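Here the structure is a predicted model, which means the values were calculated and not measured. One-based numbering along the sequence shown.
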Amino acid sequence: MNAHPFEWRRTFPGITRQVSEARRFVAEHLPPRAEIETAQLIVSELATNAIRHTGSGEPGGRFMVTVRLEASRVWLGVLDEGGAGRPEVRKPDDRQECGRGLDLVDHLAQTWGVHGDERSRTVWATVAMGSPLPCA
């Protein structure tokens with residue numbers, strides 16, 4: 001049972017094709033609003049980072065996506081299986097194809113952060129909604 005009445009979690013195998021499934025999972029649990037695309041893009045970047053840079057991308061690895069709908073924002077989290085280093089925004093280099101994920105998250109999200117350590121961490125972000133949702 002989830003601690004929050006509007007919170008959903010799902011664990012995905014740590015393989016690249018599951019990133020699109022994570023995007024679909026986000027869309028399934030959000031009301032039809034413009035913010036869905038932003039939320040999907042953020043989760044896509046965070047899931048991709050989990051697969052590329054943590055134990056989640058190793059054979060048998062997994063990552064978990066949490067979507068929490070709050071009154072005026074959406075909280076998104078991707079729990080990984082840990083790895084060396086701490087996620088941080090890097091200055092984009094136009095000569096490289098990767099390395100822009102957290103820079104994009106930093107620009108799209110209202111706030112974002114990291115909880116955990118090299119054994120397991122959650123990279124989370126919030127997306128502001130245009131108008132508050134009515135109370136259920």
Can you confirm whether V123 sits close enough to N49 that some side-chain heavy atom of one is under 4.5 Å from a side-chain heavy atom of the other? no
Minimum heavy-atom distance between T122 and G77, given as atom pair plus value: CG2-CA, 4.1 Å
Scanning both residues in full, the closest heavy-atom pair of P31 with L69 reads CD-CD2, 4.0 Å
According to side-chain contact (heavy atoms from CB on, under 4.5 Å), who are the partners of A128, at least two apart in sequence or on a separate chain? Q110
Hey, quick one: are V67 and V78 part of the same hydrophobic cluster, counting side-chain heavy atoms closer than 4.5 Å, chains of contacts allowed? yes
The side chain to side chain donor-acceptor pair (under 3.5 Å) partners of R24 (sequence neighbours excluded) come to E21
Could you state whether V114 and L76 fall into the same hydrophobic cluster, counting links through intermediate Ile, Leu, Val, Met, Phe, Trp or Tyr residues with side-chain heavy atoms under 4.5 angstrom apart? yes
In terms of relative ring orientation, are F25 and F12 parallel, tilted or perpendicular, with 30° and 60° separating the classes? perpendicular
Set of residues satisfying side-chain contact (heavy atoms from CB on, under 4.5 Å) with respect to I15, sequence neighbours excluded: P13, R17, Q18
Determine the minimum heavy-atom distance between E70 and R68, stating which atoms define it. OE2-NE, 3.0 Å
Stepwise side chain to side chain contact (heavy atoms under 4.5 Å, CB included) check, M129 with S72: CA-CA 5 Å; M129 290 195 279; S72 62; 5.7 Å; no
Checking one residue: M64. Which other hydrophobic residues are in its cluster under the side-chain 4.5 Å linking rule? L79
Are F63 and L46 packed together at the side-chain level, in the sense that at least one heavy-atom pair is separated by less than 4.5 angstrom? no
How close do V65 and A22 get, heavy atom to heavy atom, and via which atoms? CG2-CB, 4.0 Å
Drop me the distance from R62's CZ to T54's OG1, to the nearest 0.5 angstrom. 12.0 Å
Which residues pass the side-chain contact (heavy atoms from CB on, under 4.5 Å) test with T111, sequence neighbours left out? R73, W124, T126
Decide whether L104 and L102 are clustered together by the hydrophobic rule: side chain heavy atoms of Ile, Leu, Val, Met, Phe, Trp, Tyr closer than 4.5 Å, transitively. yes
How far apart are the C-alpha atoms of L108 and V127, what are their side-chain angles, what is the distance that settles it, and do they pass the side chain to side chain contact (heavy atoms under 4.5 Å, CB included) test? CA-CA 8 Å; L108 293 175; V127 176; over 6 Å; no
Counting N and O atoms only, with roles assigned by atom type, does the side chain of S120 sit under 3.5 Å from a partner on the main chain of G82, one being a donor and the other an acceptor? no
To the nearest 0.5 Å, what is the distance between CD (E28) and CZ (R10)? 7.0 Å
Of all the heavy-atom pairs spanning S56 and A50, show the shortest one and how long it is. CB-O, 3.6 Å
Can you give the donor-acceptor pairs under 3.5 Å from side chains of residues 37-44 to other protein atoms, not counting sequence neighbours?
residue	atom	partner	partner atom	Å
Q40	NE2	R23	O	3.1

I51 side, atom CD1; E58 side, atom CD - distance, nearest 0.5 Å: 12.5 Å
